[in-house]
J.: 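One structure, as structure tokens, below. Some questions next.
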Amino acid sequence: MVVQTSAPAEPTFDAVYAAQYDPLVRLAYVTTGSRPAAEDLVQEVFVEWLRRRDDVREPVPYLRRAVVSRSTSWLRRRILERRYGDTEAPPPEQSAPPDGTTTAVRAALARLKPRQRSVVFLRYYLDLPVDEIASALGCRPGTVKSLLHRSLAVLQEHLDDD
Amino acid sequence: MTTDLDRRIIAGLRGVADEPLVVPPPAERLRARAARSGTRVPAAWRRPVLAAVAVLVLLAGVALAPALRPGGGSAPAGLPDAPTLPARFAGMSLLTAPVSKDPPGPAVALYRQGTLGTRVGTSQVLVLGVDGRTYRRLDLAERRGAEEADGEWSAASALLSPDGSQVVVADDHRVSGRVEIVDLRTGRVREIAFDPPAILSPLAWAPDGSRVVFRLERGPFDSRWQGYRLAVLDVPAGRLGALGEYTSPDSMLGAAVSPDGTLLAVSSTSGSPTSGRIDLLDFTGAVRRTLALPEGYHLTGVNAWSPDGRLLVVQHLGAVSGGFAFVDPTGGSAPVPAPLPGLPHPAELLGWSSPDTLLVGMLDGDYEIRRTPVDGSAARTVATISDGPGGPARVNQLRLADGLLADLRVVDDPGGPERGPQPWWWRVLVTVAVALLGWLVFRTVRRRSARRRRPSGSRPGPSGAPNPDVGQP
């Protein structure tokens, strides 16, 4: 999948929305594990971008970072709610019987922290270079490499067991 | 180079990430939500500007607040129903304004506070307003002080008038040719010159405030008289003159003017440390009577006369520490109350709150003001002044406005201390602190703003994308 990360002229909302809505929802879904939450979060991010268009020069990095940030916040709230017994954790969504690799990756993702899941998605699903991942997460490239390294260890562990 | 592990991760991740069917809602729906969700967030440039404006408003508030405060810069418009003492005096503060900057109006008490004799406010002369909460530093007395033999700064002598509206200040450390009277209602200082110069110590005000009695000491190179003399200041006329030829060989421990203002009681030891006497003089300097005192007792307090004029209080300065006794000033055989028992701590007479009750100040850790019945029944502490942890704010030489004691009330909570306008150095300090804080906020906002604007492709990393949480509801 090719994702546009910059444009010579300021991109229009419709163009960015059409190109980014899908991958951003999947980024949020991998990070949160909840499709409804993922869609809500991504729509909130686009709405927020509409309200802040004067401030946002590079919308795609902004949108990615916003999605990761809101996804981790959403998860924190869910953890607190579960801790105090208000809601049940959403079951992982499965539309079709998964194959062995998908099951192994899903199990590995479950063991990763939210930011690690985001890094894995950005690196292996969107095929972004480390620099762009760092930009999307608002951290140093070294941090991205470290997150990737630890995530890979967990993924490899599960895939080796597959 | 893509490894087998990479390929398997990509395949498995697609299996997970592609599970949901993603259908974007119409863009118009999001636009409508954005329109409904309120006004647009201010552009980034507005934040630092708003922060700067907020800092300026704060600075203006800091600078103007004292001037805008009710009563700030002038005497209080109205007086309370009754002169008030707080049950607990406020602690000593370096932020207390001077009388010259913000006069407090009539005061109920005048005292010294602080054991470290410096000129930077660790030793203060304070007046407490009749509202029981207005504190001011009597800066004139602090300025007129001098360095003592121990190297510590000591303020000049000051004495509060019976109605609490004036304080007489005299430099009792050195030969001088002037005394000064501070009007606590206006802050104005009236200087009264006299000649030849001498060392003056104020001893007592006449009850109507028309006279002040001083102890007059010759200068070190002045041999015109030996010992100590008395001088009387005619306050309305602004004239100071010696009180006849009355001379005492000792330092005249105390003096008190009778309630009718006609007689002056002066304590003298007659050269003997154990046997004292009181000379009663009229204001020509003639001795009308002499009262012999029990052994070890002396007249010490300026407010020694009872309000009805029937009794004079004397105090034992020897073995019976803090012990008070009573004498009949007429020299007759009228019955007088029995001497009060000795006190465990140093004490001083503050005055009479009624014809049968004394107010006594005692240093029992903190400074305590006690109502002490003359019949010997139990005393009761009505007010305290803390000397602070370690005692740096110890109180001494507390004097109450004698004419206000009959109506004096003690209030548990007269309101927070009113210390007047903050000193310039404090305002500078606060201004610098606020400016520093504002600069830090400004810098933080500017950095966030710059981070948001920086193109992600040109310099990726921690500053490559804006913070999406800024402005998030």
Side-chain angles (χ1 to χ4, degrees), chain A residues 5-6 13-14 17-18 21-22 25-27 29-30 35 38-39 43 45-48 50-58 60-66 69-70 93-96 98-99 101-106 109 120-121 124-125 131-132 134-136 138-141 152 155-156 159 162, chain B residues 2-47 449 451-473:
Chain A
T5 58
S6 61
F13 174 80
D14 288 342
Y17 181 65
Y21 184 84
D22 182 281
V25 169
R26 298 189 191 286
L27 167 62
Y29 170 68
V30 168
R35 185 186 56 81
E39 290 190 328
Q43 288 174 28
V45 167
F46 275 106
V47 169
E48 185 67 19
L50 279 171
R51 297 177 63 226
R52 303 170 58 91
R53 294 219 33 204
D54 288 347
D55 294 346
V56 180
R57 305 283 175 87
E58 297 292 330
V60 175
Y62 167 82
L63 292 169
R64 286 178 185 148
R65 190 175 173 189
S69 173
R70 289 183 183 234
E93 300 195 10
Q94 295 178 16
S95 55
D99 57 29
T101 302
T102 301
T103 302
V105 169
R106 187 195 308 282
L109 289 174
V120 169
F121 180 87
Y124 290 101
Y125 191 93
D131 286 353
E132 285 192 42
S135 174
C139 62
R140 294 188 183 88
L152 274 179
L155 284 162
Q156 186 168 21
L159 287 169
D162 177 31
Chain B
T2 305
T3 65
D4 180 60
L5 177 62
D6 290 342
R7 278 192 290 273
R8 295 178 68 193
I9 291 173
I10 291 168
L13 191 59
R14 287 190 184 283
V16 174
D18 288 343
E19 280 172 351
L21 176 64
V22 177
V23 180
E28 284 310 312
R29 190 187 298 172
L30 298 186
R31 284 199 177 91
R33 278 178 63 183
R36 280 199 308 271
S37 62
T39 56
R40 293 160 63 90
V41 174
W45 65 267
R46 294 182 199 164
R47 292 178 181 275
S449 175
R451 197 181 299 154
R452 198 181 299 129
R453 289 174 181 172
R454 195 168 295 149
S456 62
S458 61
R459 188 185 170 189
S463 58
N467 182 359
D469 287 335
V470 174
Q472 188 172 308

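Owing to the predicted nature of the structure, the values given are computational and were not obtained by experimental measurement. Per chain, numbering begins at 1; letters A, B, ... match sequence-line order.
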J.: What's the separation between atom OG1 in Thr102(A) and atom CZ in Arg14(B), rounded to the nearest 0.5 Å?
T.: 11.5 Å
J.: Return yes if some donor-acceptor pair links the side-chain N/O of Arg8(B) with the main-chain N/O of Leu159(A) below 3.5 Å, else return no.
T.: yes
J.: To the nearest 0.5 Å, how far apart are OH in Tyr125(A) and CD1 in Ile9(B)?
T.: 15.5 Å
J.: Indicate the atoms forming the closest heavy-atom contact of Ile10(B) with Tyr124(A), along with that distance.
T.: CG1-O, 3.5 Å
J.: Work out which heavy atom in Ala27(B) is nearest to a heavy atom in Asp14(A); give both atom names and the distance.
T.: CB-OD1, 3.6 Å
J.: Check whether Arg26(A) reaches the backbone of Ala17(B) with its side chain - one donor and one acceptor, N or O, closer than 3.5 Å.
T.: yes
J.: Given a strict heavy-atom distance threshold of 4.5 Å, which part of Val120(A) is in contact with chain B: side chain, backbone, both, or neither?
T.: both
J.: Listed by chain and number, what are the salt bridge (Lys or Arg N to Asp or Glu O under 4.0 Å) partners of Arg29(B), not counting sequence neighbours?
T.: none
J.: Do you know the tightest heavy-atom contact between Val30(A) and Leu13(B)?
T.: CG1-CD1, 4.3 Å
J.: CZ/Phe46(A) to CZ/Arg31(B) distance, rounded to the nearest 0.5 angstrom?
T.: 11.5 Å
J.: Is the shortest side-chain heavy-atom distance between Tyr17(A) and Pro26(B) below 4.5 Å?
T.: no
J.: How close do Pro20(B) and Arg35(A) get, heavy atom to heavy atom, and via which atoms?
T.: CB-CD, 3.3 Å
J.: For Leu27(A), is it the side chain, the backbone, both, or neither that has a heavy atom closer than 4.5 Å to a heavy atom of chain B?
T.: neither
J.: Do you know which two heavy atoms are closest between Glu39(A) and Val22(B), and how far apart they sit?
T.: OE2-CA, 4.4 Å
